[in-house]
Amino acid sequence: MKPYEITNMIIDDDFAVEEYVTAEFVHENKNYSITFKKTDLEIINCWVFEQGTSLPANIPNEIIESIRDEIKKKI
């Protein structure tokens, strides 16, 4: 079983400049968002949402790689 659950994924298509993929997920009862460049899945930003605010997140590499794999399958 995965240590996270993807709750939403937004894949930008036909965007004028750069295309991005954003995955929202829950890990250890916290909501996170991670955005990648669509072309090479390089991380653009990671956020954790706590108490009505967003803060930069430190997401374990294993989770990032697993999310990348899921995104590759969908795009």
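Because the structure is predicted, anything quoted here is derived from the model rather than measured.
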With a 4.5 Å limit on heavy-atom distance, are the side chains of F25 and E70 in contact? no
What class does the angle between the rings of Y32 and H27 fall in, given that below 30° is parallel, 30 to 60° is tilted and above 60° is perpendicular? tilted
Same apolar cluster: I6 and F49, side chain cutoff 4.5 Å: no
CG of N45 to OG1 of T35, rounded to nearest 0.5 Å, is 4.5 Å
Determine whether V26 and I71 fall in the same hydrophobic cluster, where Ile, Leu, Val, Met, Phe, Trp and Tyr are linked whenever their side-chain heavy atoms lie under 4.5 Å apart. no
Return yes if some donor-acceptor pair links the side-chain N/O of T7 with the main-chain N/O of E24 below 3.5 Å, else return no. yes
Would you find more than 12 non-hydrogen atoms of other residues, nucleotides or ligands less than 6.0 Å from N8 atom CG? yes
I'd like to know if I63 and M9 are part of one continuous hydrophobic network [Ile/Leu/Val/Met/Phe/Trp/Tyr, side-chain heavy atoms within less than 4.5 Å]. yes
Summary of salt bridge (charged side-chain N to carboxylate O under 4.0 Å, His left out) pairs that have at least one residue in residues 58-69, sequence neighbours excluded: E65-R68
Tell me the closest heavy-atom pair linking F36 and L41, and the distance in Å. CD2-O, 3.1 Å
Joint cluster assignment, Y4 & I10, ILVMFWY side-chain distance < 4.5 Å: no
Hey, any chance V21 and I43 share a hydrophobic cluster, counting ILVMFWY side chains that come within less than 4.5 Å of each other, even indirectly? yes
Do you know the tightest heavy-atom contact between I64 and I59? CD1-O, 3.5 Å
All heavy atoms of V48 vs all of A57, minimum pair found to be N-CB, 3.6 Å
For K37, what residues pass the side-chain contact (heavy atoms from CB on, under 4.5 Å) criterion, not counting sequence neighbours? E18, Y20, T39, D40, E42, I44
